[in-house]
Structure formats: C-alpha cells, structure tokens
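Since the model is a prediction, treat every value here as computed from it, not as a measurement. Both counts, for ligands and for their atoms, begin at 1 and track the order of listing.
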Amino acid sequence: MNHAQLTALGRALRVLGEHGEALSADTPDARLHEVKDDLRRALDLLEESVTTAVPSTRCAEHPTGPVDESAPDLCLLCETRRRAARRAEFNGPAPQARPADPAPSRYGVRGDRPQPQQRWLPELWNGQTWQLCGTPRRDRREAELFLAAQRRGPRPAMAYRIVHEFTDYEVLRVWGIPVRVDIEPMGGL
Ligand SMILES: [Zn+2]
C-alpha cells in the first residue's frame, strides 16, 4: 500500500466510524444510502490497496504455500520439515493415521500398500487426497521424469508430488496447490 492509498483508506474508514457513532433508530434512509456509498468507496480503496493473494496458511514463511489441514499453521512445507525432525528425534517410524480413501483408484492410496521399501512414489492431488498415480519407482529421477510428463499431459491434475518411501513416508517435493474440493454428488448431474 503506498502513502496516497494509506491516506485515502484511513479517511474512508474514519468516515465509516463516524457513521457508526451517529447511527440511531431515527437515522433516515437517505443517510443509510450515504453510508452504503461510503462503505462501497472504502471497499474499493481496500481492493486497490491489497495486491497479494489471500494467505492459504498461517505460516509467515509460506503464506500462500500448499495446505496441510492437520498442521497448526496449516503449512504443508513446514509440517513436512517438522515431521522429519520428529522422526529423527524418536528414531522410529511415525504412525500413519489415514482417512478412508474417498476416490479409490487402481493404484489405491499409500495406506493400503504393503511394507515400505526404498521407493519413490508419484502421487497426484485428486481434489480430496493425495493418491498414487503411477508405478512406484526404484529411482527418484525416473519418478520425476514420469511426473514431468504427467504435468505436460492433456489433462494434468491440480498438483503432483513425489514421496520417498523407506521406513516412513516423507514428502520430498510438491508441485501446485492441493485445495480440498467437495465431491460432486451424482457426478455433477
Ligand atoms: Zn511454512
């Protein structure tokens, strides 16, 4: 926000405050219309002043980064870092609490899979959860190339990520922003 915007917005908001002070049961409609116009003017000024996107997380470092609903600051990137730190601290695999899979695929979700091994799992965000979108690879580079090809495909998913599967799962990298969307009943009909 520049200085001129700050001045104009401050003035508009103070006018609204005065309207609030003066409001009573006897306030005539003409006055209310005036309030409406002033409110609209203040909103327009705000609209012009705010240039950044609405933050998706409460993280100061990644305000518009990918969201992890279970994280206290909603930040997937920081939560991933914290998980890795916790795992290092306890030196053992973290328990995997997984919700039911709302969108079964022929690959299933990670929780359904057998004992972890050293593999790289390509996953896509299906609007509800991360799901495996290809064969787990023994080679990270191969998995990344596979995802790069998927992203260039005709109907790419909202987001992709690569998960390193060893004694535990760890998100290595996320592309795109996984936003939770509602399941359309009856396929949107
Ligand atoms: Zn963060």
For residues 6-22, run the donor-acceptor check on the side chains, cut-off 3.5 Å, and write out each pair with its distance to 0.1 Å, sequence neighbours left out.
residue : atom : partner : partner atom : Å
Thr7    : OG1  : His3    : O            : 2.9
His19   : NE2  : Asp38   : OD2          : 2.6

Please output the side-chain donor-acceptor pairs of residues 68-77 that fall under 3.5 Å, not counting sequence neighbours, one pair per line with the distance.
residue : atom : partner : partner atom : Å
Asp68   : OD1  : Ser70   : N            : 2.9
Asp68   : OD1  : Ser70   : OG           : 2.6
Asp68   : OD2  : Arg83   : NH2          : 2.9
Asp73   : OD1  : Cys75   : N            : 3.0
Asp73   : OD1  : Arg82   : NH2          : 2.9
Asp73   : OD2  : Arg82   : NH1          : 3.4

Going by chain and number, the hydrophobic cluster around Leu32 (ILVMFWY, side chain to side chain under 4.5 Å) further includes Leu23

Among the clusters formed by ILVMFWY side chains lying less than 4.5 Å apart, do Val67 and Val174 turn up in the same one? no

message: Test of understanding: clusters of I, L, V, M, F, W, Y form through side-chain heavy atoms closer than 4.5 Å, transitively. Do Leu145 and Leu147 belong to the same one?
response: no

Result, protein N, O or S atoms below 2.8 Å from the Zn ion (ligand 1), excl. waters, equals 4

*Close side-chain approach of Arg138 to Arg119, heavy-atom, < 4.5 Å*: yes

